[in-house]
Each structure stands twice: as structure tokens, then as C-alpha cells.
S.K.: 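Pasting a structure here, questions to come.
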Amino acid sequence: MLDWDVIVHYFPFLLKGAVLTLEISVLALIGGFIIGLAAALLKLSKNPVLRGISSFYVWIVRSTPLLVQLFLIYFGLPQMGIDLGPFFSGVLGLSMNTGAYNAEAIRGGIMSVPAGQMEASRSLGMSSKLAMRRIILPQAMRIAIPALGNNFVILIKDTSLVSTITLVELTLTAQRLIGSTYKPFEMYLMAAFLYAVLTTATSLLLSKVEQKLAY
């Protein structure tokens, strides 16, 4: 049987952890989008060096676990004199990880735009950069929105891994409360409920954005 008194009493503590989870998610979402957009454009660049750097970044991030990437940033960088602390280490690790997946989604969107669009823009006197910004990217983002939305939902769930670098977000808050209440089922159930609320709200918001961009 569920202990409802424990759920009611400790729910505000978990809600506080959920707020931190949301802050990390929003910052990593913004960082991941910027990194992904930059990596996608570099990967489509005619410069082989820039294309190679972007391809290596996407390959190494997508080929290694997020947990290892977080450990490298949080535990590895201080060895070289760079100590970012748990919060910024978590945000940086999540941004770089989701950025690699966003890069492929955005690159796919750009490549889905007919080549004639660029040629028509250039014939009107636009530079390549201007045509990319005003003509190609708006269409590419509309195509990439579903894949980006999926990446963002995964990002929210992946924030639970930052608990391993001592960041007291939702999962670590639940684990600490279990140590004092001995009620693992109730605590993890509340944590799962709050994660579901965050991911569902994000999915609904992205669905609205997708509908708006469709017209």
C-alpha cells in the first residue's frame, strides 16, 4: 500500500528538484540547439577542415555514452586546471551530447530542401549566407522539428544522469529522501510522475510549434 502521508509531505522537496531539472533542461536545450546548428552548417561546408572537425565531433559524441562524457567534463577537466562545478559541467555535457544529435537532424532538414531553392535565391542576387538564413533554414527547421522534438524529450530524461556528478536534481533528490524515509517506491513513483509531466509538457509545446510552422 502506498504511504500517502509520505507522498504529501515530501512532494514539495521533489518539486524543488524538478525545478532544477527544468533549469538544466532549458539551458541544455538552448546550448544543444546552437551547437547542433553550428555543427550542421560546418558539416555542409565546402571547407574540408571544418567539415572534418564537425564530422569528428558528431562521431565521437554519438559513439560514446553520455555518462562517460559527463565524467570526462566533471572529473577529467579539473586534472587540466578547468573546474566548471557540477551545474555547468552537467549543462555543458548535455548540450554537447544533444548538439551532436541535433546536428544530424538539422543537416537532414537542410538537405531535404530542393537545391533549386538556393539557385533561385542566388539568381535574385542573394549571397549564399543570406539565402541560407532567409530561404533554406526556415524550410529546413520546419522539416527538422519532429526529430528535434524527440531529441529534446530524450534530453529531459537524460538529465537524471547528472545526479552522478553530485547535482541535486530530481533523481538525486529522490535518492536522498529514500535514505531518510525508507520509502523507495513512493519516492521513485513521484519522481517518475514529475518526469512524465515535464516530458509531456515539452511534447505538447513542440507539437504546437510544429502546427504553427506548418502554415
Side-chain angles (χ1 to χ4, degrees), residues 14-45 54 57-58 61-62 66 90-124 126-162 169-171 189-215:
L14 286 165
L15 198 57
K16 188 176 178 181
V19 170
L20 182 58
T21 292
L22 184 60
E23 291 176 0
I24 298 167
S25 299
V26 170
L27 290 174
L29 186 151
I30 296 170
F33 178 77
I34 294 172
I35 293 172
L37 178 59
L41 294 175
L42 290 179
K43 201 166 183 180
L44 292 171
S45 168
S54 177
Y57 157 70
V58 171
V61 170
R62 296 183 65 179
L66 172 59
V91 171
L92 179 61
L94 290 168
S95 297
M96 292 187 66
N97 183 269
T98 196
Y101 291 91
N102 288 344
E104 289 302 89
I106 295 172
R107 187 175 69 90
I110 293 173
M111 294 182 69
S112 298
V113 178
Q117 297 276 334
M118 176 61 81
E119 295 169 2
S121 304
R122 295 301 305 276
S123 68
L124 292 173
M126 291 186 183
S127 66
S128 297
K129 290 181 180 177
L130 185 62
M132 178 62 75
R133 191 171 73 245
R134 291 189 177 177
I135 306 296
I136 306 301
L137 274 182
Q139 298 181 72
M141 295 311 300
R142 189 180 301 168
I143 297 170
I145 279 288
L148 291 175
N150 188 51
N151 291 344
F152 293 154
V153 170
I154 293 173
L155 165 67
I156 293 174
K157 292 186 285 187
D158 281 349
T159 57
S160 62
L161 290 176
V162 300
E169 41 64 74
L170 182 54
T171 299
L189 186 64
M190 283 191 286
F193 170 74
L194 289 171
Y195 276 118
V197 169
L198 290 175
T199 54
T200 302
T202 302
S203 297
L204 291 174
L205 179 62
L206 290 169
S207 178
K208 292 289 184 185
V209 172
E210 187 177 353
Q211 289 175 10
K212 190 173 182 179
L213 290 176
Y215 296 100

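Count residues from 1 along the sequence. Computed from a predicted model, the values in this text were never measured in an experiment.
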S.K.: To the nearest 0.5 Å, what is the distance between CD (Glu169) and CG (Leu161)?
M.R.: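 Here the interatomic distance stands at 9.0 Å.
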S.K.: Verify, without hydrogens or angle tests, whether Ser203 (side chain) and Thr199 (backbone) share a donor-acceptor contact under 3.5 angstrom.
M.R.: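 Side chain of Ser203 to backbone of Thr199: a pair is present.
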S.K.: Nearest 0.5 Å, please: how far is OG1 in Thr159 from CG in Leu170?
M.R.: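 So the gap between those two atoms works out to 7.5 Å.
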S.K.: Do the non-hydrogen side-chain atoms of Leu155 and Thr202 ever get within less than 4.5 Å of each other?
M.R.: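 A side-chain contact under 4.5 Å is absent here.
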S.K.: Quick one: side chains of residues 126-134, donor-acceptor pairs under 3.5 Å with protein atoms, not counting sequence neighbours, listed by atom name and distance.
M.R.:
{"unit_1": "Ser127", "atom_1": "OG", "unit_2": "Leu130", "atom_2": "N", "d": "3.2"}
{"unit_1": "Ser128", "atom_1": "OG", "unit_2": "Arg122", "atom_2": "NH1", "d": "2.8"}

S.K.: Would you compute the distance between atom CG of Leu27 and atom CG of Leu22 and round it to the nearest 0.5 angstrom?
M.R.: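 Between Leu27 CG and Leu22 CG, I get 9.5 Å after rounding to 0.5 Å.
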S.K.: Within the 4.5 Å heavy-atom criterion, are Phe152 and Ile156 side-chain neighbours or not?
M.R.: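 A side-chain contact under 4.5 Å is absent here.
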S.K.: When you look at Val162 and Val91, which way does the side chain to side chain contact (heavy atoms under 4.5 Å, CB included) test go after all the steps?
M.R.: CA-CA 9 Å; Val162 300; Val91 171; over 6 Å; no
S.K.: Enter the distance from Ile24:CD1 to Ser95:OG here, rounded to the nearest 0.5 Å.
M.R.: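 Reported to 0.5 Å precision, the distance equals 10.5 Å.
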S.K.: Measure from the side-chain N and O atoms of Thr200 to the backbone N and O of Val197, and report whether any donor-acceptor pair falls under 3.5 Å.
M.R.: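 No, Thr200 side chain to Val197 backbone: no donor-acceptor pair under 3.5 Å.
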S.K.: Distance check, rounded to the nearest 0.5 Å: Leu66 atom CG versus Ile154 atom CD1?
M.R.: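 Those atoms lie 11.5 Å apart.
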S.K.: Are Met118 and Ile135 close enough, and set up right, to give a side chain to side chain contact (heavy atoms under 4.5 Å, CB included), and what steps lead you there?
M.R.: CA-CA 8 Å; Met118 176 61 81; Ile135 306 296; over 6 Å; no
S.K.: Taking atom CG of Leu14 and atom OG1 of Thr171, what is their separation to the nearest 0.5 Å?
M.R.: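 One finds 10.0 Å between CG of Leu14 and OG1 of Thr171.
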S.K.: Step by step, work out the side chain to side chain contact (heavy atoms under 4.5 Å, CB included) result for Leu198 and Leu194.
M.R.: CA-CA 6 Å; Leu198 290 175; Leu194 289 171; 5.6 Å; no
S.K.: Report all side-chain donor-acceptor pairs from residues 101-111 shorter than 3.5 Å, counting only partners two or more places apart or in another chain.
M.R.:
{"unit_1": "Asn102", "atom_1": "OD1", "unit_2": "Asn151", "atom_2": "ND2", "d": "3.0"}
{"unit_1": "Asn102", "atom_1": "ND2", "unit_2": "Gly32", "atom_2": "O", "d": "3.3"}
{"unit_1": "Asn102", "atom_1": "ND2", "unit_2": "Thr98", "atom_2": "O", "d": "3.4"}
{"unit_1": "Glu104", "atom_1": "OE1", "unit_2": "Lys43", "atom_2": "NZ", "d": "3.2"}
{"unit_1": "Glu104", "atom_1": "OE1", "unit_2": "Arg107", "atom_2": "NE", "d": "3.3"}
{"unit_1": "Glu104", "atom_1": "OE2", "unit_2": "Arg107", "atom_2": "NH2", "d": "3.1"}

S.K.: Tyr57 versus Leu42: any side-chain heavy-atom pair under 4.5 Å?
M.R.: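 Of all side-chain heavy-atom pairs linking Leu42 with Tyr57, none is under 4.5 Å.
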